[in-house]
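Whatever order the structure lists ligands and atoms in, that order sets their numbers, starting from 1. Not measured: the values here are computed from a predicted model.
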Amino acid sequence: MKDFSKYYTPQKIAASLMRFVDFNDNDSVIDICCGKGNLLFAAKNYNPSLQCFGVDIADINIDWCKTTKKDGREFALGAKRKYTIALANPPFGKIESISYASKLFVDKYASINSKRIEIEMLIANLNLLKEDGILLIILPNTFINGVSYKKIRKTISENHFVKTIIKLPPNAFSPERINCSAIVICKKKNNENQACTYYTMNEKFNISNSYEIKHDNILQGCWSNNVLYEKVDFKINRGNISSNMFSEKGIEVLHTSKKSSPWQPSLRYIKKGLNTSNSIIAEKGDLIISRIGSSAGCLCLYEGDPKYITDCLMLIKSPNKQLIKHMQNLNLRSLVKGVSTPHITVSDIYDLYNSTYNNL
Ligand SMILES: C[S@@+](CC[C@H](N)C(=O)[O-])C[C@H]1O[C@@H](n2cnc3c(N)ncnc32)[C@H](O)[C@@H]1O
């Protein structure tokens, strides 16, 4: 498995993110996974009056700011002082050593149930802030648009003000393709109806477009580009039958399969009698897209009888000829990313479609 703790923020990206943080002179700035101090360095360069503090579990070699060698979560839980600004590009991934969930996911965060280190670091950072403090944190895009993070997004937006999202380009951590966004969160929820601004950074690290996400959408956990979605006249549905419903015999369901050319979904079975009332059904003429595994991004025009699809597939219902052609021409496989499992997301397909055909 890749070690995602070593993807230091490239200095150019760190520098270009600083303008999204409202620094005041002499603010105290902390990074509890500071690494070589790239984010702190960008902040200090942006405003030399800032007082910077770095924490890292590994040896730290920064001589221009005060540093502490410690687990960032432990540091946050034991900290006596609070900071005005927190900057974070934490490690990503499932927790393999000590979890601090029981101490971090309490009070207003009690509904959070996650075994990922970046989520523990997110809450640790929020704990470290003064009441009017600001956090800039880099997280995987799945945190912004993944269905499984919706509840956490709701909890965050119910308690804080999600001010800005900056989608970073896939080459941000080149040569790896790690799809991430920087999120600016104000600890105090003082702007009741203020929209969140969503920016996209292009591969040259310039901001290529921006739009607003309504406060109501943010509150509902819809943090991805609803506005762009309104510009397309098709909907991508993700299946919702999971592999733990499989059985040896029963009702046929379509599932992902290995990469092949042309690609076709495979066949599985689920027990009769399971609740499938909200399940997605593929019908002749629908476009099926593999979402996960070696075939992520492969697609086919379905020719068979109506069948349920699993959560490893996505579906576009009744596409017209032009949409089929457009989709077939898109390089969906270029969207494949993933910390441990290769996958593509619905919002990445919308983004690619819009940037290719709607000139956004
Ligand atoms: C992705 S790097 C980012 C470093 C720096 N913030 C930047 O943006 O360049 C993550 C850093 O987190 C550190 N780290 C990993 N686990 C940690 C933990 N539990 N507590 C504190 N630091 C940790 C790693 O040593 C690494 O330096």
Enumerate the atoms of ligand 1 whose separation from the nearest heavy atom of [X] is less than 4.0 angstrom.
X: I32; result: 21 (C), 22 (N)
X: T9; result: 7 (C), 8 (O), 9 (O)
X: M121; result: 18 (C), 19 (N), 20 (N)

Less than 3.5 Å apart, which donor and acceptor atoms pair up between the side chains of residues 79-87 and the rest of the protein, not counting sequence neighbours?
unit_1, atom_1, unit_2, atom_2, d
K82, NZ, N127, O, 2.5
T84, OG1, S28, N, 3.3
T84, OG1, S28, OG, 3.1

Inset, instruction - Assign the ring pair Y46 / F23 to parallel, tilted or perpendicular, where the plane angle (0 to 90°) is split at 30° and 60°. - result: tilted

Inset, instruction - Quick one: look at C34 and ligand 1, take heavy-atom pairs under 4.0 Å, and tell me if it's side chain, backbone, both or neither. - result: backbone

Legend entry - Part of L87 with heavy atoms under 4.0 Å of ligand 1, whether side chain, backbone, both or neither: neither

Legend entry - S210 versus T197, side-chain donor and acceptor atoms under 3.5 Å: no

Legend entry - Residues N145 and S347: side-chain donor-acceptor under 3.5 angstrom: yes

Legend entry - Heavy-atom neighbours of K259 NZ exceed 12 at 6.0 Å: no

Can an N or O of [X] be found at a distance shorter than 3.5 Å from an N or O of ligand 1?
X: Y7; result: no
X: V55; result: no
X: K36; result: no
X: I57; result: yes

Inset, instruction - Using heavy-atom distances, let me know which of G72, G35, A76 sits nearest atom 20 (N) of ligand 1. - result: G72

Inset, instruction - Select the closest option to atom 3 (C) of ligand 1 among I13, L40, L39, N89, judged by heavy-atom distance. - result: N89

Inset, instruction - Among residues two or more places apart or on two chains, list those pairs meeting ring pair (Phe, Tyr, Trp, His ring centres under 6.0 Å) that have a residue in residues 237-262. - result: F246-H255

Inset, instruction - Determine whether the aromatic ring centres of F234 and Y350 lie less than 6.0 Å apart. - result: yes

Legend entry - Any R73 heavy atom less than 4.0 Å to ligand 1: yes

Inset, instruction - Nearest 0.5 Å please: distance from the OG atom of S318 over to the CG atom of L287. - result: 10.5 Å

